Protein chains: 2
Amino acid sequence: MTRPQTQHGPATRVMRATRQRAAVSALLDRLEDFRSAQDIHEELRRVGDGIGLTTVYRTLQSLADAGEVDVLRTGSGEAVYRRCASAEHHHHLVCRRCGATVEIEGPAVETWAQRIAEQHGFSDLSHTAEIFGLCRECSATA
Amino acid sequence: MTRPQTQHGPATRVMRATRQRAAVSALLDRLEDFRSAQDIHEELRRVGDGIGLTTVYRTLQSLADAGEVDVLRTGSGEAVYRRCASAEHHHHLVCRRCGATVEIEGPAVETWAQRIAEQHGFSDLSHTAEIFGLCRECSATA
DNA sequence: TCGGTATCGAGTATCGATGTCACCTCACCG
DNA sequence: CGGTGAGGTGACATCGATACTCGATACCGA
């Protein structure tokens with residue numbers, strides 16, 4: 001446990017409320033699509049929120065660690081972030097052209113992963129499962 | 001089609017047989033696990049096959065493009081390569097500690113991905129689905 | 001209001017990957 | 001079998017993403 005916040009308990013305080021963190025968080029709330037740290041940094045500076053690139057990286061990472069945002073990697077290895085509506089485990093259907101994202105459930109995938117891993121004696125599991133394609137709009141424009 | 005090879009036809013020849021390509025390919029045949037380009041470069045130099053890092057990257061990429069090796073990205077975004085037994089589309093169960101890999105089929109995943117994407121009007125699909133965990137041995141050692 | 005401390009951020013280092021370009025070497029030909 | 005040129009090679013430069021350093025700054029609790 002690492003975030004007692006709004007309590008007067010002393011203990012392990014972490015994640016202080018700062019203007020920068022608020023700005024990143026607020027921007028993520030406004031965005032629909034997966035964005036890179038660079039994008040977010042640029043956007044914030046554009047609207048006048050002075051913030052350092054380092055801080056953006058750190059903030060996104062801590063938000064990701066806390067499970068407040070989802071991270072995935074583009075084909076080129078760049079990390080992209082998005083605040084997802086669902087806090088539950090879920091997957092994504094992402095447009096590889098415009099970044100539009102749909103959150104999806106995958107019960108079939110969950111059971112498949114678990115069954116396969118068990119068959120081979122693997123433990124401590126995790127998995128990735130994302131679908132990429134062109135959304136309706138981008139298909140039309142293509 | 002891009003490899004008419006052993007014919008005297010002129011046409012679009014590509015991928016010439018060189019010592020370096022042979023060395024990379026041979027090493028991949030010997031390896032069981034996913035390895036990074038750096039690993040492969042280091043190993044080749046260690047056994048005395050003089051080869052440049054640039055060439056290793058290029059060779060791996062062309063092998064991957066040709067579908068002769070599988071590529072996936074580690075959590076840190078590094079690309080790792082492996083010659084898979086199956087030429088068919090398949091997924092992987094990978095030990096995140098020792099790299100041991102099992103090739104798996106995922107008919108459930110294929111249909112799931114396709115159905116979901118269709119529901120949302122996406123086209124030109126691709127997907128990723130890998131399972132990570134600790135293999136039996138590593139679970140024991142942990 | 002004040003002090004201690006977590007956080008910030010400019011600069012810089014690192015790391016994987018790719019671009020550059022002069023030199024090398026296959027593959028094919030005569 | 002040796003010449004020739006397009007494709008291949010590799011030392012080096014560069015790039016984009018991310019980690020690190022450390023003095024300056026801004027929270028937060030008292």
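In the text below, chain A, chain B and the rest are named by the order of the sequence lines, each starting its count at 1. Note that the coordinates shown come from a computational prediction; the quantities given were computed from them, not determined experimentally.
The shortest distance between the side-chain N/O atoms of A:T55 and the OP1/OP2 oxygens of C:dG9 is below 4.0 Å. Contact annotation: B:T18 reaches the phosphate of D:dT9 (side-chain N/O to OP1 or OP2, under 4.0 Å). Contact check, B:Q61 against C:dA17: no side-chain N or O comes under 4.0 Å of OP1 or OP2. Note on A:Q20: a side-chain N or O is less than 4.0 Å away from OP1 or OP2 of C:dG9. Residue B:R58 places no side-chain N or O under 4.0 Å from the OP1 or OP2 atom of D:dG8. For D:dT18, the OP1/OP2 oxygens have a side-chain nitrogen or oxygen of A:Y57 closer than 4.0 Å.
Looking at A:R16, its side chain has no donor and acceptor atom pair within 3.5 Å of the base of D:dC28. A:T54 contributes no side-chain N or O that forms a donor-acceptor pair with the base of D:dA19 under 3.5 Å.
Between A:L53 and B:R73, the residue anchored nearer the 5' end of DNA chain C, judged by the nucleotide with its closest heavy atom, is A:L53. Position along DNA chain C of the nearest nucleotide to B:E78 versus A:H41 favours A:H41 as the more 5'-ward residue.
Whole-Å rounding puts the B:L60 CG to D:dG8 P distance at 15 Å. Between A:L44 atom CG and C:dC8 atom P the separation is 13 Å, expressed in whole Å. Residue B:Q38 contributes atom CD, which lies 11 Å from atom P of C:dT18 at whole-angstrom precision. Residue A:D65 contributes atom CG, which lies 14 Å from atom P of D:dT18 at whole-angstrom precision. Atoms CZ (B:R21) and C1' (D:dG10) sit 14 Å apart, rounded to a whole Å. Atoms CZ (B:R19) and P (D:dT9) sit 9 Å apart, rounded to a whole Å. Rounded to a whole Å, the CD1 atom of B:I51 is 10 Å from the C1' atom of D:dG10.
Using modelled atom types and a 3.5 Å distance limit, the side chains of B:H127 and B:E110 yield a donor-acceptor pair. In this model, no donor atom of one side chain and acceptor atom of the other lie less than 3.5 Å apart for B:T128 and B:R73.
In this structure, A:E103 pairs ionically with A:R82, as a charged nitrogen and a carboxylate oxygen lie closer than 4.0 Å.
Of the possible polar contacts, one joining the A:R19 side chain to the A:G50 backbone as a donor-acceptor pair under 3.5 Å is found. Panel note: side chain A:R45, backbone A:I51; a donor-acceptor pair is recorded below 3.5 Å.
Across all strands shown, A:G50 has heavy atoms under 4.0 Å from sugar-phosphate atoms exclusively, and none from any base.
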